[in-house]
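Scroll down for the structure; my scribbles are underneath it.
Residue numbers begin at 1 in each chain, while the letters A, B, ... track the order of the sequences.
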Amino acid sequence: MAQKATGRPRPTTSRLEIGEHSIDRVEPKEHDDGTWWLTWTIRLTDGRTRRPRTKGRTKTEARRRAKDKAKELLAASRSDIWKVADDLVSYMEKVSKPAIETAKLATNSRDRYLLVYKLIVGGCLREDHKHSRSLKGHTIGTGTRFRALERCLVEIAELHGSETAHQARSVLGKYVLDQLIRDELIDASPIAGKRLDLAGSKGDTPTRGGVALSADEWNAVIDYLLALDPAEGIEPPKRGMYTLEDRIAVAANAIDLTLLQTMTGLRIGEATNVDPSMVTFDGDEMIFDLPPEITKTKKGRFVHVTDPAIVARFKPRWEIARAKGGPLIPSPAKPGVVWDQRQRNEAVKTLYLKMAEELDIPALETERSHVWRATLNTLTLGAGVPEAIRTAHLGHTAQVNRRSYTDTRDGAVLARKLSGLRTSKSTPKSTQSESSPVSPDEPS
DNA sequence: ACAACCGAGGATCGTGTTTC
DNA sequence: GAAACACGATCCTCGGTTGT
């Protein structure tokens, strides 16, 4: 090998370790203009070498600048290479979280996954419990052992429910463990294919839902609502731009919305998005033709209402909405637009709490509008309505062809069964405008 | 596995009234 | 006439459930 012109022994050329540089090995060279150039090598964390050249007015300055540059290069490549002893949560922040953020997911799913991601890394903000089994504090080595993962997931199941735990497992699998495999830090997912008990303590006692009212309670609610004066107990606002009428309109909205739901089991989001064009009146019957875009499942369906009192109640609403535009049960203050979820839920809550007390139905303390789905399903089950009809009516089967006559007849069957169950105390109000029963959109 | 919903509630906004 | 007050509207976040 050729010796340098200086005559000094050539410095070692031993292989640089990861993160090591040759700044102190090599000798700066004086350039024509009097500056000192240092050409050095560094092995980055991913194993590749870089060969930068640094300049300075003196040898020392060139070296100092080179070392700054070396630090910079190492910091930039730091995330590429991880060791088993590295902090697992740091790895997840650097690799897993961005992977979720850039994955091809619907916004809903991404948000959900980022939420459970936080649970996994011990970022739960709840103050009434602690995640002592989160992956926080674990190294990649310890945190990827079966027991550590299992404990983390079981704890999430205990504290946040089984479905959240399942989602956490998905996130762990695809965005943590799979990434670790790709970075050659583990060979395989320790929890893949393993059975984990993620039922959680609250598994069979959901905080809300799964409760059905009895037929008596159901009837009592309907009679109560039909008789209820929306103005009852409403105080006028002390100040501000809103009027007593606005407040009454809110209460009236809640009453009618609930009435509709007691009869149809419509989801609240579906019920408040119903447009008059989706409703036709056929004699004593009111038929909702729910298009896919307003249902949760994005599948349309027909829902019939035959109770005369309810139909009579909705006829004026339908006429107003059809004339002025806007949903059947619109925003109370702005009839042209959909009722805001925040306001709507507040109004519904107020009404349900009132009913819980006045009708002595404790379930309504906690249950909200979803209770009617369970109630209708249970009651009609008891009345012998086949499951296929019930599920189609409530809109949670995939196979229903919403335009078929079958579906229509199915809906009517259920509605007739319902009216058979109904023991009305209030006499149906006459529906004067029934004289023109022809639907406006379907002149057939 | 992924997607979408329901319900609760905090923070802030816009617009109006009352008070001083 | 400005500050204080009132209050639904709006937006956002959280967290559990429902659905394909």
Distances under 3.5 Å between nitrogen or oxygen atoms of protein and nucleotides 11-14 of chain C:
from    : atom 1 : to        : atom 2 : distance (Å)
dC14(C) : OP1    : Lys118(A) : NZ     : 3.3

Send over the distance from [X] [atom1] to [N] [atom2], rounded to a whole Å.
X         : N       : atom1 : atom2 : value
Trp372(A) : dC6(B)  : CH2   : P     : 17 Å
Ile234(A) : dC7(C)  : CD1   : C1'   : 15 Å
Leu172(A) : dA1(B)  : CG    : P     : 11 Å
Glu158(A) : dG16(C) : CD    : C1'   : 15 Å
Trp339(A) : dA9(C)  : CH2   : C1'   : 14 Å
Leu244(A) : dG8(C)  : CG    : P     : 12 Å
Ile268(A) : dC5(B)  : CD1   : P     : 13 Å
His166(A) : dT17(C) : NE2   : P     : 13 Å

Of the options [options], whose atoms approach the side-chain atoms of [X] most closely?
X         : options                  : result
Gln167(A) : dT17(C), dG8(C), dA1(B)  : dT17(C)
Tyr175(A) : dC2(B), dG16(C), dA1(B)  : dC2(B)
Asn345(A) : dC2(B), dG7(B), dG8(C)   : dG7(B)
Ser331(A) : dT18(C), dA9(C), dG16(C) : dA9(C)
Arg267(A) : dG9(B), dC6(B), dG16(C)  : dC6(B)

Hey, does the side chain of [X] come within less than 4.0 Å of [N]'s phosphate (OP1/OP2), counting only N and O?
X         : N       : value
Arg247(A) : dC7(C)  : yes
Thr164(A) : dG15(C) : no
His160(A) : dG16(C) : yes

Looking at residues at least two apart in the chain, or sitting in another chain, which of them share a side-chain hydrogen bond (donor to acceptor under 3.5 Å, both in side chains) with [X]?
X         : answer
Glu346(A) : Arg342(A)
Ser170(A) : none
Asp68(A)  : none
Gln179(A) : none

- Runs of at least three Watson-Crick or G-U pairs with DNA chain C, cut-off 3.5 Å: B:1-20 with C:1-20

Got a list of side-chain donor-acceptor pairs under 3.5 Å for residues 147-154 of chain A, not counting sequence neighbours?
from      : atom 1 : to        : atom 2 : distance (Å)
Arg147(A) : NH1    : Glu150(A) : OE1    : 2.6

- Query: Can we say Asp178(A) and Arg182(A) salt-bridge, meaning some charged N sits less than 4.0 Å from an Asp/Glu carboxylate O?
  - Reply: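 Salt bridge between Asp178(A) and Arg182(A), a charged N being under 4.0 Å from a carboxylate O: yes.
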
- Could you tell me whether Arg110(A) contacts a base, only the sugar-phosphate backbone, or nothing, with contacts defined as non-hydrogen atoms closer than 4.0 Å? nothing

- Task: With sequence neighbours excluded, tell me which residues meet side-chain contact (heavy atoms from CB on, under 4.5 Å) with Lys354(A).
- Result: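 By the side-chain contact (heavy atoms from CB on, under 4.5 Å) rule, Lys354(A) matches Tyr224(A), Leu228(A), Glu232(A), Glu358(A).
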
- Relative to the 5' end of DNA chain B, which residue comes earlier, Glu346(A) or Arg169(A), by the nucleotide with the nearest heavy atom? Arg169(A)

- Query: Can you tell if the side chain of Asp246(A) reaches within under 4.5 Å of the side chain of Val250(A), non-hydrogen atoms only?
  - Reply: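 Contact flag for Asp246(A)/Val250(A) side chains = no.
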
- Is a side-chain donor-acceptor pair under 3.5 Å present for Glu101(A) with Tyr117(A)? no

- Item | ring pair (Phe, Tyr, Trp, His ring centres under 6.0 Å) involving His166(A) - partner list, sequence neighbours excluded |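 Not a single residue meets the ring pair (Phe, Tyr, Trp, His ring centres under 6.0 Å) criterion with His166(A).
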
